[in-house]
Amino acid sequence: MENKRKNIKRNEILSLIITLIIIVLVNIIGSFVYTRLDLTSEKRYTLSDTSKDILRNLDDYVYFRVYLEGEFPAGFKKLRKETKEMLDEFRAYSKFIDYEFINPSESSDAAERQETYKILWQNGLNYYTETVQTNTGIQQILIWPGIIMSYRENEKAIDLLSGQSGQSQETVLNNSAQDLEYKLISAIKEISTTMKPTIAFVDGHGELTDLEVYDIANTLSKKYIIKRATLNEQLNSLMKRDLDSDSNIVIKPAYDAIILARPTEPFSEKDKFILDQYIMYGGKVMWLIDAVNASMDSLQNAESTMGLAMNLNLDDQLFKYGIKLNKNLLLAYPCAQIGLVTGQGNNLQSTLLPWYYFPLLGQASEHPIVRNLEAVKADFVSSLETTTSAPEIQKIPLLKTSDYTKASSAPVYISLEILNERPNASMFPQKGMTAAYLLNGRFTSLFENRMPASITEAKEIGFKEESVPTSMIVIADGDIIRNQLAQLDYAKKNNKRVGSPLPLGYDQYTNITYGNKQFIENAITYLLEGEGIINIRSRELKIRLLDMNKVNGNPMLWQIINVVLPSVIMIVMGIVLAVLRKKKYNK
C-alpha cells in the first residue's frame with residue numbers, strides 16, 4: 001500500500017514537471033512564431049491579406065490617440081475593447097504601430113475640458129451626447145468616439161462611428177466595430193502613401209461645376225490628387241507623350257482616372273477619339289451620364305415639364321464598350337421626398353410627399369463596391385442594358401431600382417400631379433432595373449477599322465485597337481455625384497452661406513443623408529486600387545443582437561437564464577466532482 005502511494009506521488013510529480021516543460025517550450029516557440037486561432041465562423045478576428053501587407057510595408061511609426069477612455073455606456077465600452085484588440089492585432093504584424101487611450105473629459109477644470117473639446121473638434125472629430133446615471137444623479141456626458149492618427153508630420157482624424165440612418169444606437173455601435181479594420185487600414189494607407197494617384201474631372205461639354213462636385217472632390221483630395229482636364233480636341237488632353245532614351249515616343253495616360261460628371265453638350269468625334277485612346281492605354285473612367293434632360297428647375301414655376309432625350313453623341317461609344325444607355329426615365333418606390341407647399345396667405349405649409357422620379361437605388365449584386373451600402377438617391381435616372389458587342393467584357397450590375405418600377409420612354413411628360421397618387425402595384429409594373437454597371441476587361445476601340453492608315457500608323461498618335469486590361473463604371477444619372485447647394489431657408493436655420501456646398505448625399509429638404517458619397521468613394525477606390533481594401537469593408541460579420549421583443553416580453557425569465565442558471569450549473573458540477581473525488585480517494 002505504501003509503495004502504491006509512493007508511485008502515485010511520483011507519477012503526479014512527473015506529470016507536473018512534464019506539464020511545466022511543455023508550457024515553457026510552447027512559450028519559447030510562441031515568442032518566435034506568431035500565430036492565432038480564430039474559431040469564429042466568419043473569421044471576425046483575422047486580418048485580411050491586404051491589411052497584413054499594408055502593415056508589413058510600414059517604414060515609420062503610426063501613432064493612434066484614441067479618445068475612448070472614461071465612464072461610458074456598455075455599447076461604447078465594447079467599441080473601446082474592439083478598438084484596442086484591433087490595434088493589438090496590428091502590432092503583431094508591424095513594430096511601427098503604437099497607441100494610447102485618452103479621456104478628453106478627465107480634467108476637473110471646466111475651461112480646460114472645453115479647450116480640449118475645441119481642439120478635438122478643430123481636428124475633425126465629432127462628439128455625441130449621452131445621458132448616464134452617476135453617483136450624483138443623472139447627467140449628460142460628451143463622448144468623442146474617434147482617433148487622431150499621426151504619421152511623421154501628418155495627422156488624420158478617424159470617426160469610429162459608422163452612421164446608419166434609422167438604426168438603433170446598439171446596431172450603429174456593432175456596425176462600427178465591424179468597420180474598424182476598414183477604417184483604420186484605409187487611414188494608414190492614406191496617411192503613409194507618398195505617391196498619390198491623380199483623378200481629373202473632365203471639362204468642355206457642360207459638366208457639373210466645381211461647386212456642384214465640391215464635396216466629393218474635397219473628400220477624394222485626401223487620398224488622391226484632384227485636377228480638371230479640358231477636352232479641347234487636343235491629343236494631349238488626357239495623355240502624356242515623352243521620348244525615351246532611344247528617342248522613341250512613349251505614350252501613357254496623364255491621369256490615373258477621369259470622371260465625366262453629367263455632360264450636357266455633344267462630344268465631337270475627335271474628343272471621343274481622345275477618350276477612346278485614353279481607355280485603350282489603361283485609363284479608368286467613371287461615366288455619369290444623363291440620357292434624358294429633366295430637372296426640378298423646370299417645375300419651379302410650372303406644374304409640368306417635358307423630359308427630352310439628350311444627344312451627347314456617346315451612345316455608339318458606350319455600346320461598343322458593352323453598355324446601352326436607354327432613353328427613358330425610371331419611376332420607382334421607395335423614393336426620396338420633395339416638399340409640396342399647400343394653403344393660402346399666412347397658412348402656407350410644406351408637406352413632404354414621395355417623388356417617384358427620385359428613386360432610391362439599392363445594390364444590384366454582391367460586388368464589394370455596393371455590398372452593405374445604404375440607399376443611393378437618384379435624380380431622373382435612366383436604365384442601362386448590356387450589349388453583345390463586347391462579349392468578352394465582364395459586366396457587373398451595381399445599382400438598381402426596387403421591384404416597384406416603371407420605365408417611361410422619352411419624351412416623358414413630368415407633372416407634379418403624380419404627388420397626389422398613392423403608390424400601388426399597378427403604378428409600377430416592372431421589376432428592378434439596373435442604373436449602374438462595372439465593366440472589366442480588354443475593350444475594343446470604337447475606331448477599329450475606321451481610321452485611315454496615316455493615323456493608325458503614325459507613331460506620334462500611337463493608335464491602339466485593343467486596350468490593356470482596365471475598368472470603367474457607367475452610371476445612368478449625372479446627379480448622383482452632385483452635392484446640393486444651401487438654399488435660403490436652410491442657410492438661415494443652419495448659419496450657412498446661401499449657395500454653399502453641402503455634403504454629397506445630404507438632402508437639405510428632408511434632413512436625410514443617403515449613400516451617394518460612400519458609393520462614389522467605393523467606386524473610385526475600386527478603379528484605382530482594386531478589390532483589396534474594398535473587400536475589407538464588405539466582409540459579412542454577423543451581428544448577434546438580443547431579440548428585444550422576447551426580452552421585453554418576459555424579462556424575469558431571461559434574467560434567471562442568464563444570471564441564476566449558470567450559477568446553479570456551476571454549483572451542481574462542483575458537488576458532483578466533490579462526490580466523485582471523495583469516492584475515488586476513499587477506495
Side-chain angles (χ1 to χ4, degrees), residues 34 36 38 40 42-48 50-52 54-56 58 61-106 116-117 119-121 123-130 132 141-151 154-164 167-192 372 518 533 535-545:
Y34 173 78
R36 285 191 64 179
D38 188 350
T40 59
E42 66 271 27
K43 298 301 177 186
R44 184 186 186 99
Y45 300 103
T46 300
L47 293 184
S48 68
T50 301
S51 296
K52 294 174 185 177
I54 291 172
L55 291 169
R56 286 169 180 152
L58 284 175
Y61 279 95
V62 179
Y63 191 77
F64 296 84
R65 298 195 299 277
V66 188
Y67 294 92
L68 269 176
E69 192 67 42
E71 291 300 320
F72 299 140
F76 285 96
K77 288 182 179 178
K78 179 185 176 184
L79 181 60
R80 180 199 182 282
K81 176 175 174 289
E82 295 275 359
T83 303
K84 186 178 185 305
E85 288 179 352
M86 184 63 66
L87 292 173
D88 286 337
E89 189 76 14
F90 285 5
R91 272 180 165 176
Y93 293 95
S94 175
K95 65 179 181 180
F96 294 115
I97 297 294
D98 203 0
Y99 65 83
E100 68 171 323
F101 280 76
I102 300 170
N103 182 0
S105 304
E106 186 176 18
T116 301
Y117 297 158
I119 292 172
L120 295 180
W121 178 262
N123 276 287
L125 292 187
N126 297 313
Y127 67 88
Y128 298 85
T129 305
E130 284 290 323
V132 296
I141 61 171
L142 294 184
I143 301 176
W144 297 81
I147 296 173
I148 301 294
M149 184 178 66
S150 305
Y151 176 80
N154 301 318
E155 285 192 344
K156 177 176 175 57
I158 307 171
D159 190 345
L160 293 178
L161 283 196
S162 298
Q164 304 285 334
Q167 292 183 330
S168 67
Q169 185 189 83
E170 186 178 13
T171 303
V172 169
L173 287 168
N174 276 279
N175 288 340
S176 302
Q178 285 187 180
D179 288 344
L180 270 176
E181 182 182 353
Y182 170 74
K183 286 188 174 183
L184 298 182
I185 284 295
S186 297
I188 290 173
K189 189 175 190 303
E190 177 184 332
I191 203 171
S192 63
N372 299 335
Q518 190 63 65
I533 289 183
N535 270 327
I536 300 173
R537 180 186 174 273
S538 60
R539 287 171 64 187
E540 291 287 348
L541 301 180
K542 296 177 182 178
I543 305 175
R544 297 171 175 87
L545 303 177

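No experiment lies behind these values; they were computed from the predicted model shown.
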Looking at [atom1] of [X] and [atom2] of [Y], how far apart are the two atoms once the value is rounded to the nearest 0.5 Å?
{"X": "M86", "Y": "I97", "atom1": "CE", "atom2": "CD1", "answer": "12.0 Å"}
{"X": "S94", "Y": "Y61", "atom1": "OG", "atom2": "OH", "answer": "8.5 Å"}
{"X": "I143", "Y": "F76", "atom1": "CD1", "atom2": "CZ", "answer": "4.5 Å"}
{"X": "L142", "Y": "Y128", "atom1": "CG", "atom2": "OH", "answer": "12.5 Å"}
{"X": "L184", "Y": "F90", "atom1": "CG", "atom2": "CZ", "answer": "5.0 Å"}
{"X": "D159", "Y": "N126", "atom1": "CG", "atom2": "CG", "answer": "5.0 Å"}

**Message:** Out of the candidates L68, T83, I102, only one should pair with I147 under the side-chain contact (heavy atoms from CB on, under 4.5 Å) rule; please name it.
**Reply:**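 Exactly one pass, corresponding to T83.
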Atom of [X], atom of [Y] and distance for their closest heavy-atom approach:
{"X": "A157", "Y": "I148", "value": "CB-CD1, 4.0 Å"}
{"X": "E181", "Y": "S51", "value": "OE2-OG, 2.6 Å"}
{"X": "L79", "Y": "P145", "value": "CD2-CB, 4.5 Å"}

**Prompt:** CZ of F101: more than 12 outside heavy atoms within 6.0 angstrom?
**Reply:**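 More than 12 within 6.0 Å, yes.
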**Request:** Indicate yes or no for a side-chain donor-acceptor contact from E155 to the backbone of N123 under 3.5 Å, with no hydrogens or angles considered.
**Result:**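 Checked: no pair found.
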**Prompt:** Counting distance only, does the side-chain N/O of K183 pair as donor-acceptor with the main-chain N or O of L161 below 3.5 Å?
**Reply:** yes
Pairwise side-chain contact, [X] with [Y], heavy-atom cut-off 4.5 Å (strictly under):
{"X": "I188", "Y": "Y151", "value": "no"}
{"X": "K95", "Y": "L58", "value": "no"}
{"X": "F96", "Y": "V62", "value": "no"}
{"X": "K81", "Y": "E85", "value": "yes"}

**Request:** Give me the ring orientation class for W144 and W121: parallel if the planes are under 30° apart, tilted from 30 to 60°, perpendicular past 60°.
**Result:** perpendicular
**Message:** List the residues meeting side-chain hydrogen bond (donor to acceptor under 3.5 Å, both in side chains) with K189, not counting sequence neighbours, and say none if there are none.
**Reply:** none
**Prompt:** Does one side chain, of S105 or Y117, offer a donor that lies under 3.5 Å from an acceptor on the other?
**Reply:** yes
